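These notes are about the structure you will find just below.
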Amino acid sequence: MTFTMEQFQLNGKVALVTGAVHGIGFEIAKSLAAAGATIVFNNLSQESVEQAMKLYQEAGIEAKGYACDVTDEAAVQKTVQKIKEEVGSIDILVNNAGIIKRIPMIDMSAEEFRQVVDVDLNAPFIMAKAVIPDMIEKGGGKIINICSMMSELGRETVSAYAAAKGGLKMLTKNIASEYGQYNIQCNGIGPGYIATPQTAPLRETQENGERHPFDQFIVGRTPAARWGTPEDLAGPAVFLASNASDFVNGHILYVDGGILAYIGKQP
Ligand code: NAP
Ligand code: GCO
């Protein structure tokens, strides 16, 4: 088929972005809306959903929010059914909700490790499982899993997060392998270091007024020489949600300003 810009349009599509009340999820939801999709989102509490509804309204987007814990399979099944009845069945799922606990591994309890794996790995499985049957029935769909630098790299204090995001990379490839025959594309976005509430503790100015050492470390480690912004993920998200990527499956698109390509500055 000859290429036209129409291939990037999402008109008539229903997109569910999990945890899209601020940060990366909110920006991805706005970009999908700008490309024509109808947006639904969820977050843990009704209060945060209502606050976010106002943000969407201010941005001129008619989004519908649901209070739902992505780790609770029964609640997810119920919410996906409710979305189908109230908005339409889901064409695009973005597994964005995530948590991190920065604790040295030998000080981390097994319960803390499980909590991270539950939100960052088990929940994308639960969410994908809930939407795939309708995608099969309607002849296709898009699943985008928000992975991480930690899908490829390790560092001190993030063992659970790295284990979960590494697992999410492989879940992505497996969904592509298992359901590609039904015209379902499952890909990942691997954001680099992005300025959001999740990374705020790594960017705080020190008591002595100096930059956080991690802030300097990341800027030096990134060929683009800056932190990413949630807006940096907008174009990649629209691409992976649209027909322009129909033969891209099981791929992780790293949006990292070049971190994974770079050996680091010589001393
Ligand atoms: P964020 O601002 O903390 O957003 C994460 C959202 O997920 C929050 O709204 C959070 O709810 C929600 N959430 C957490 N647990 C949930 C649950 N059980 N059910 C429903 N919602 C839940 O973080 P972000 O930086 O935008 O990150 C978004 C995604 O990108 C995450 O998967 C993260 O791991 C990934 N990521 C981030 C970076 C980065 O540098 N920032 C880089 C790579 C990947 P609350 O508002 O209630 O906390
Ligand atoms: C950390 C960070 C990271 C990022 C991100 C990188 O403590 O190292 O929070 O893990 O948020 O996922 O891609």
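A quick note: this is a predicted structure, and the numbers were derived from the prediction, not measured. Read the numbers this way: they start at 1 and go in the same order the structure lists the ligands and their atoms.
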### Message
Judged on heavy-atom distance to atom 29 (C) of ligand 1, which of Asn96, Asp69, Ile24, Thr199 sits nearest?
### Response
Asn96
### Query
Given Leu44, Asn43, Thr18, Asp118, which one has a non-hydrogen atom that is nearest to atom 45 (P) of ligand 1?
Asn43
### Query
Considering only heavy atoms of Gly23, which atoms of ligand 1 have at least one such atom less than 4.0 Å away?
26 (O)
### Task
Report the part of Val21 in contact with ligand 1, treating N, CA, C, O as backbone and CB onward as side chain, heavy atoms under 4.0 Å; options are side chain, backbone, both, neither.
side chain
### Message
Under 4.0 Å, heavy-atom basis, I'd like to know which part of Cys68 is in contact with ligand 1: side chain, backbone, both or neither.
### Response
backbone
### Query
Starting from atom 1 (P) of ligand 1, which protein heavy atom do you reach first, and at what distance in Å?
His22 CE1, 3.7 Å
## Note on the structure
In short, ring-ring contact (aromatic ring centres under 6.0 Å, His included) pairs touching residues 17-61 with sequence neighbours left out are Phe26-Tyr56, Phe41-Tyr56
### Task
Could you name each residue pair satisfying salt bridge (charged side-chain N to carboxylate O under 4.0 Å, His left out) that touches residues 28-49, not counting sequence neighbours?
Glu27-Lys30
### Task
Compute the shortest N/O to N/O distance between Val119 and ligand 1 and return yes if it is under 3.5 Å, no if not.
no
#### Entry: Pairs involving residues 33-43, ordered by first then second residue, that meet salt bridge (charged side-chain N to carboxylate O under 4.0 Å, His left out) (sequence neighbours left out)
none
### Summary
Counting from 1 in the order shown, the ligand 1 atoms closer than 4.0 Å to a non-hydrogen atom of Cys147 are 43 (C), 44 (C)
### Task
Ignoring hydrogens and angles, state whether a donor on the side chain of Glu231 or Thr229 is under 3.5 Å from an acceptor on the partner side chain.
yes
### Task
Only heavy atoms count here, so choose which of Phe41, Tyr161, Trp227 is nearest to atom 33 (C) of ligand 1.
Tyr161
### Atom-level proximity to ligand 2, residues with heavy atom under 4.0 Å
Ile100, Arg102, Ser148, Met149, Met150, Arg155, Val158, Tyr161, Pro191, Gly192, Tyr193, Gln198, Thr199, Leu202
